[in-house]
Amino acid sequence: MKFSYKRILIIGCGGAGKSTLAQKIGKAFSIPVIHLDKLYWLPGWVHRTNEDFECLLEIELKKSAWIIDGNYQRTFAERLLYADFCIFLDIDTEICLKSAYARAEEYHGRTRPDMTEGCEEIVRPDFEDWIRHYQENARPEMMRILEKSKVPYQIFTTRQESEQWIKELQSV
């Protein structure tokens, strides 16, 4: 299996491990990583205007190589126009919730590395609700957009699957 992709999207529920996987793939194949959360959020959990976010995203999309992690359904179809591969982390809801809370505990009172400085890690009720209902609310539309795009994709239902995939790619 040869790895020739240079523009990779990683999508999935909050807490699925998108940023962690992006970092691992980026390191393994020397591809820069862009976290949509860093583009979207300003310090203090204030979101950018849609126009500002889309301008920043467009700059990144036009680059020759990247791994972009994040769901952001509103811009997913546009991102797929630039992507040559997509990874969907279709991880169990309870695992995502546990991961989100573990991350909040690990970075308590601090900003995690894949987030805008000044956004201290916390699981807000609206974020927990979004995770709880991702499978029925967001996932179907994300899959519809992905399948319509014709961009090749890989679905992982466990983190172990994605780890094994990276190992197999590195051994080629």
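For reference, positions follow the sequence shown, starting with 1.
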Check your understanding: With distance as the sole test, does Lys167 use its side chain to make a donor-acceptor pair with the main-chain N or O of Ser162 at under 3.5 Å?
Key -> no
Practice item. Rounded to the nearest 0.5 Å, what's the gap from CD on Gln154 to CH2 on Trp165? Could you check? Key: 7.0 Å
Review point. Taking the side chain from Thr75 and the backbone from Glu78, do they hold a donor-acceptor pair closer than 3.5 Å?
Key: no
Review point. With sequence neighbours left out, which residue pairs that include part of residues 42-52 fulfil the salt bridge (Lys or Arg N to Asp or Glu O under 4.0 Å) condition?
Key: none
Exercise for review: Report yes or no: do Leu80 and Trp66 belong to one cluster of Ile/Leu/Val/Met/Phe/Trp/Tyr joined by side chain heavy-atom distances under 4.5 Å?
Suggested key: yes
Exercise for review: Could you walk me through whether Thr157 and Asp90 pass the side chain to side chain donor-acceptor pair (under 3.5 Å) test, one step at a time?
Suggested key: CA-CA 5 Å; Thr157 58; Asp90 199 10; over 6 Å; no
Extract all donor-acceptor atom pairs below 3.5 Å that involve side chains of residues 117-127 and protein atoms in other chains or at least two apart in sequence.
residue	atom	partner	partner atom	Å
Glu121	OE1	Arg112	NH1	2.7
Glu121	OE2	Arg103	NE	3.1
Glu121	OE2	Arg112	NH1	3.1
Arg124	NE	Asp126	OD1	3.3

Check your understanding: Passes side-chain contact (heavy atoms from CB on, under 4.5 Å), Leu36 versus Asp69? Steps please.
Key -> CA-CA 6 Å; Leu36 287 183; Asp69 77 90; over 6 Å; no
Check your understanding: When you look at Glu54 and Arg74, which way does the salt bridge (charged side-chain N to carboxylate O under 4.0 Å, His left out) test go after all the steps?
Key -> CA-CA 10 Å; Glu54 289 164 11; Arg74 188 178 55 75; 2.2 Å; yes
Review point. Centroid-to-centroid, Tyr72 to Phe53, below 6.0 Å?
Key: yes
Practice item. Quick one: do Asp84 and Lys6 satisfy salt bridge (charged side-chain N to carboxylate O under 4.0 Å, His left out)? Show the steps, please. Key: CA-CA 7 Å; Asp84 53 27; Lys6 297 294 179 199; over 6 Å; no
Exercise for review: Let me see the working for Glu163 and Gln160 under side-chain contact (heavy atoms from CB on, under 4.5 Å), right down to the final yes or no.
Suggested key: CA-CA 5 Å; Glu163 293 285 335; Gln160 293 78 13; 5.5 Å; no
Review point. Can we call the ring centroids of Phe88 and Tyr153 under 6.0 Å apart?
Key: no
Check your understanding: Within a reach of under 6.0 Å around CD of Glu147, are more than 12 heavy atoms found that belong to other residues, nucleotides or ligands?
Key -> yes
Exercise for review: Begin from the C-alpha positions of Phe29 and Leu169 and carry the test side-chain contact (heavy atoms from CB on, under 4.5 Å) through to its verdict.
Suggested key: CA-CA 10 Å; Phe29 300 103; Leu169 289 171; 3.6 Å; yes
